[in-house]
Amino acid sequence: MTALHADTVRTLTDWTPAGDGQDGLRQDYLAHLATHPEGVWRACVPAHITASALVVDPAGERVLLTLHPKVGLWLQMGGHCEPGDGTLAAAALREAVEESGIAGLELLAVDGRVAPVKLDRHQVRCLGKDRPENTHLDVQYVAVAPAGARELISEESLDLRWFGWDELPADTDRSVRDLVARARALV
């Protein structure tokens, strides 16, 4: 078992989720990790943990979304855990910085503690076109951008834009809308 695996188990065990179905997902994620010591890595099939973060501007008025090239939807920043990630929160923060181009992002702490905001399970073909779909067990955080932050589009995105809480684009799915609503309630 790796340090990242242990941290992910600890993070999910210590977290008390709010909302319909979130505790059931948390239990499913923990069961997956109990039977898959490699469950935090992309190569783990049929499912693996991923980490993401919704970036919020410092005024708490807008969110930064990326137009994902494979999915064709506006999403939060996120992706696969990597060997250099010491914690699940660090993986989410790394992904947010890489995909937003914003240095100095900080994960939102609630009651003095950084914790996930939401979980989302979805199917995706991340191992290549000739491989079957895999399940992402996404652990979602909120990151706050520093004052004066300027986003920079990466090669992992078709576009990158700030949207007001009530101005999300039509091609944003239910999961992202729910994440945005949860973030709005926290900032």
Side-chain angles (χ1 to χ4, degrees), residues 11 15 17-22 25-26 29 49-82 85 87-111 113-126 133-187:
T11 297
W15 178 56
D20 293 340
Q22 289 292 292
L25 281 175
R26 184 179 72 88
Y29 286 25
I49 299 291
T50 56
S52 66
L54 178 70
V55 176
V56 178
D57 77 326
E61 297 173 351
R62 302 176 302 161
V63 296
L64 183 65
L65 298 178
T66 180
L67 184 56
H68 196 281
K70 292 181 184 175
V71 181
L73 296 173
W74 290 94
L75 304 173
Q76 75 278 9
M77 316 305 147
H80 294 101
C81 298
E82 294 182 1
D85 297 328
T87 65
L88 189 60
L93 187 59
R94 176 189 49 74
E95 284 287 337
V97 169
E98 285 176 2
E99 293 184 11
S100 72
I102 300 174
L105 291 175
E106 290 188 18
L107 293 180
L108 182 68
V110 178
D111 297 327
R113 190 169 147 241
V114 170
V117 172
K118 181 179 169 299
L119 304 177
D120 183 67
R121 176 174 36 210
H122 52 271
Q123 295 295 117
V124 65
R125 186 167 273 114
C126 63
E133 284 192 343
N134 205 347
T135 301
H136 278 183
L137 306 174
D138 197 35
V139 181
Q140 303 174 340
Y141 293 82
V142 173
V144 179
R150 301 201 45 95
E151 69 279 7
L152 179 64
I153 195 165
S154 75
E155 62 187 37
E156 297 181 43
S157 178
L158 295 175
D159 200 356
L160 194 61
R161 286 192 214 159
W162 291 99
F163 296 96
W165 298 112
D166 297 319
E167 300 166 344
L168 299 179
D171 46 353
T172 300
D173 68 12
R174 172 204 49 80
S175 175
V176 173
R177 290 179 183 280
D178 185 35
L179 177 60
V180 167
R182 288 170 190 260
R184 187 177 194 177
L186 293 172
V187 294

Looking at side-chain heavy atoms only, is the closest gap between [X] and [Y] below 4.5 Å?
| X | Y | answer |
| --- | --- | --- |
| P116 | T11 | yes |
| Q140 | V117 | no |
| W15 | L119 | yes |
| Y141 | L88 | yes |
| V187 | L108 | yes |
| H80 | I49 | no |

- Audit row: N134, Q123, side-chain contact (heavy atoms from CB on, under 4.5 Å) steps and yes/no: CA-CA 6 Å; N134 205 347; Q123 295 295 117; over 6 Å; no
Is the side chain of [X] donor-acceptor paired with the backbone N or O of [Y] at a distance under 3.5 Å, no angle test?
| X | Y | value |
| --- | --- | --- |
| R121 | Y29 | no |
| H136 | D138 | no |
| E151 | G101 | no |

Testing the basics here: between [X] and [Y], what is the closest heavy-atom pair and its distance to 0.1 Å?
| X | Y | answer |
| --- | --- | --- |
| D171 | G72 | OD2-O, 4.1 Å |
| A103 | P146 | O-CG, 3.5 Å |
| E95 | M77 | O-CB, 4.1 Å |
| A183 | W165 | C-CH2, 4.1 Å |
| A53 | Q76 | O-CB, 3.6 Å |
| D57 | W162 | N-CZ3, 3.4 Å |

- Query: So which of L73, L179, L65 actually passes side-chain contact (heavy atoms from CB on, under 4.5 Å) with T172?
  - Reply: L65
Enter the distance from [X]:[atom1] to [Y]:[atom2] here, rounded to the nearest 0.5 Å.
| X | Y | atom1 | atom2 | answer |
| --- | --- | --- | --- | --- |
| D159 | L67 | CG | CG | 6.0 Å |
| L75 | S175 | CG | OG | 8.5 Å |
| S52 | L93 | OG | CG | 12.0 Å |
| K118 | R26 | NZ | CZ | 16.0 Å |
| T66 | L160 | OG1 | CG | 5.5 Å |
| R62 | R161 | CZ | CZ | 13.0 Å |

- Item | Test item: side-chain donor near acceptor, H122 and D120, under 3.5 Å | yes
- Message: Pair S100, L152 - check side-chain contact (heavy atoms from CB on, under 4.5 Å), show working.
- Response: CA-CA 6 Å; S100 72; L152 179 64; over 6 Å; no
- So I102 and R150, side-chain contact (heavy atoms from CB on, under 4.5 Å) or not? Walk me through it. CA-CA 6 Å; I102 300 174; R150 301 201 45 95; over 6 Å; no
- Query: Could you walk me through whether R182 and D178 pass the salt bridge (Lys or Arg N to Asp or Glu O under 4.0 Å) check?
  - Reply: CA-CA 6 Å; R182 288 170 190 260; D178 185 35; 3.1 Å; yes
- Task: List the steps, then state whether side-chain contact (heavy atoms from CB on, under 4.5 Å) holds for V142 with L107.
- Result: CA-CA 6 Å; V142 173; L107 293 180; over 6 Å; no
